[in-house]
Undergrad: 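Could you have a look at this structure, given as structure tokens, before my questions?
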Amino acid sequence: LGGSRLAFAQAARPQSAGAAGPHRVIIDTDPGVDDAFALLLAMRSPELKIEGITPVAGNVPLELTLPNALRMVEIANRPDIPVAVGARAPLMRRLVTATYAHGENGLGGAVFPEPKLKPIAESAAVFIRRIVRKYPGEVTVITLGPQTNLATALASDPELAGMIKGVTMMGGSLSGGNVTPAAEFNVYVDPEASRMVFQSGIPVTMVGLDVTRKTALTDAHVKILETAGTAVSLAAAKIARNDIDLNRRQGNSSGPNMHDSLALASFLDPSLLTWKDYYVDVETQGELTAGETLGYRPSESGLRGSAPTLAGTKTSVMLRDKFTPNAKVAVDVNSARFFDLLIGRLAGKA
Ligand code: RIB
Ligand code: CA
């Protein structure tokens with residue numbers, strides 16, 4: 001895997017759709033209000049060849065994220081995109097959901113008809129493995145929820161990591177969490193899965209709370225979507241209206257952050273963000289801090305672990321080798337340009 005990591009270290013910019021296209025992606029998601037926006041944006045982005053969508057349990061249970069994903073595919077009129085059912089629970093923990101933020105149905109409470117579309121027979125992990133092996137070196141996995149499906153695929157096939165072009169993830173934070181002071185929701189739900197991804201050698205592009213906190217949806221954005229009057233824009237407006245109202249009932253004056261849409265948009269146009277190389281690792285043992293993503297920069301100490309306990313036999317992981325980043329982390333964002341892209345494409349004519 002050193003090869004792919006070395007190649008990444010030399011990469012000028014994070015994984016992106018770039019100039020040539022279309023670019024093959026698999027979108028792993030737990031819709032989810034901001035996931036729904038990200039899915040609609042992706043399905044209205046000609047740069048992407050969406051090989052498939054893989055729902056996972058997260059914001060709400062799989063019984064809801066699966067039909068919500070199918071609903072978005074139907075609304076975008078993209079029945080050409082296969083949907084493969086993912087995990088209903090994290091690798092080693094009980095599922096913690098975020099219905100407080102996404103409503104009981106995961107779409108802010110906005111009600112849509114039951115989807116007619118059905119998922120394919122393959123599980124998400126089997127689908128990810130098959131598509132990556134079909135197009136080695138060409139597929140970017142864009143994860144917008146807990147990374148259980150991707151980790152399961154990696155665990156099933158030791159060669160798979162070396163065949164994945166990159167992972168673009170909404171997740172993590174170098175500036176404190178949103179579920180606990182330490183952890184961002186996606187990594188909080190399945191820290192073991194995220195640790196596997198960061199340690200896999202696959203080039204990771206991390207779009208965390210550091211930047212997604214600056215992407216609150218406003219009433220003005222919703223009005224543009226309502227005025228556009230297309231199936232996609234009206235569905236997005238309906239979800240947003242409901243979720244903004246939910247936010248307000250909970251005393252939040254600002255609208256929902258478009259976390260996942262920013263991660264998707266960063267793949268379409270990395271210049272929306274400012275990037276820094278980090279070695280990122282994930283805390284999985286901390287009783288208070290499991291799910292924390294720690295970003296290491298070149299430092300004189302080279303210490304990565306805690307001080308050794310008196311009872312402990314091994315000392316903390318001392319790093320004598322040179323600083324080798326495993327992730328490009330977004331550290332700033334041009335929010336105005338991001339919303340121009342997001343709202344512009346969702347309001348665009350078919
Ligand atoms: O912390 C934000 C992330 O958690 C987003 O992906 C949102 O959809 C929730 O899953
Ligand atoms: Ca999500």
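Counting convention: from 1, in listed order, for ligands and their atoms alike.
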Undergrad: Taking the six-membered ring of Phe112 (Phe, Tyr or Trp), confirm whether the NZ or CZ of Lys238 is under 6.0 Å from its centre and within 45° of its axis.
TA: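 Cation-pi check for Lys238 and Phe112: passes.
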
Undergrad: How does Asn178 reach ligand 1, if at all, at less than 4.0 Å between non-hydrogen atoms: by side chain, backbone, both, or neither?
TA: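 It is the side chain that gets close, since no backbone atom is under 4.0 Å.
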
Undergrad: Any idea which protein heavy atom is nearest atom 2 (C) of ligand 1, and the distance to it?
TA: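 Heavy-atom neighbour on the protein nearest atom 2 (C) of ligand 1: Glu184 OE2, 3.4 Å.
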
Undergrad: Does the N or O separation between Leu144 and ligand 1 drop below 3.5 Å for any pair?
TA: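 Between Leu144 and ligand 1 (N or O atoms, distance only) the closest approach is under 3.5 Å.
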
Undergrad: Under 4.0 Å from any heavy atom of Asp35, which atoms of ligand 1 are there?
TA: 8 (O)

Undergrad: With heavy atoms under 4.0 Å as the rule, classify the contact between Thr212 and ligand 1 as side chain, backbone, both or neither.
TA: neither

Undergrad: Looking only at N, O or S atoms, find the one in Asp30 nearest to the Ca ion (ligand 2) and name it.
TA: OD1

Undergrad: Any salt bridge linking Asp219 with Arg248? Criterion: basic side-chain nitrogen under 4.0 Å from a carboxylate oxygen.
TA: yes

Undergrad: Which ligand 1 atoms, with their elements, are less than 4.0 angstrom from a heavy-atom of Phe185?
TA: 1 (O), 4 (O), 9 (C), 10 (O)

Undergrad: Answer yes if the side chains of Ser271 and Asp269 hold a donor-acceptor pair under 3.5 Å, and no otherwise.
TA: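 Their side chains do contain a donor-acceptor pair, which is all the 3.5 Å distance test asks for.
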
Undergrad: Any chance you could measure Met170, atom CE, to Met206, atom CE, to the nearest 0.5 Å?
TA: 8.0 Å

Undergrad: Name the closest protein heavy atom to atom 6 (O) of ligand 1, giving the residue it belongs to and the distance to 0.1 Å.
TA: Asp260 OD1, 2.6 Å

Undergrad: For ligand 1, which atoms have a heavy atom of Met170 less than 4.0 angstrom away?
TA: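 Here the atoms of ligand 1 in question are 2 (C), 3 (C), 5 (C), 6 (O).
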
Undergrad: Assess the side chains of Thr212 and Thr215: does a donor N or O sit below 3.5 Å from an acceptor N or O?
TA: no

Undergrad: Among all protein non-hydrogen atoms, which one is nearest to atom 9 (C) of ligand 1, and what is the separation to 0.1 Å?
TA: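 Closest protein heavy atom to atom 9 (C) of ligand 1: Asn59 OD1, 3.0 Å.
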
Undergrad: With a heavy-atom distance limit of 4.0 Å, tell me whether Asp30 approaches ligand 1 through its side chain, its backbone, both, or neither.
TA: side chain

Undergrad: Count the heavy atoms of every other residue, nucleotide or ligand shown that sit under 6.0 Å from CD of Gln285, and state whether that count exceeds 12.
TA: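 Check fails, neighbour count at 12 or below.
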
Undergrad: Nearest 10° is fine: what angle sits at the Ca ion (ligand 2) between O from Leu144 and OD2 from Asp35?
TA: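 Between O of Leu144 and OD2 of Asp35, the angle at the Ca ion (ligand 2) is about 90°.
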
Undergrad: Looking at Arg88, I'd like to know if its CZ atom is crowded, meaning that more than 12 non-hydrogen atoms belonging to other residues, nucleotides or ligands lie closer than 6.0 Å.
TA: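 For Arg88, atom CZ is not crowded (no more than 12 foreign heavy atoms under 6.0 Å).
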
Undergrad: Look at the aromatic rings of His23 and Phe267 and report parallel, tilted or perpendicular, splitting at 30° and 60°.
TA: perpendicular

Undergrad: Among the N/O/S atoms of Asp260, which is closest to the Ca ion (ligand 2)? Give the atom name.
TA: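 Asp260's closest N, O or S atom to the Ca ion (ligand 2) is named OD2.
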
Undergrad: Nearest protein heavy-atom contact for atom 8 (O) of ligand 1: which residue, which atom, what distance?
TA: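 Of every protein heavy atom, Asp34 OD1, 2.6 Å lies nearest to atom 8 (O) of ligand 1.
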
Undergrad: About how many Å separate CG of Asn334 and NZ of Lys214, when rounded to the nearest 0.5 Å?
TA: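 Reported value, rounded in 0.5 Å steps: 10.5 Å.
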
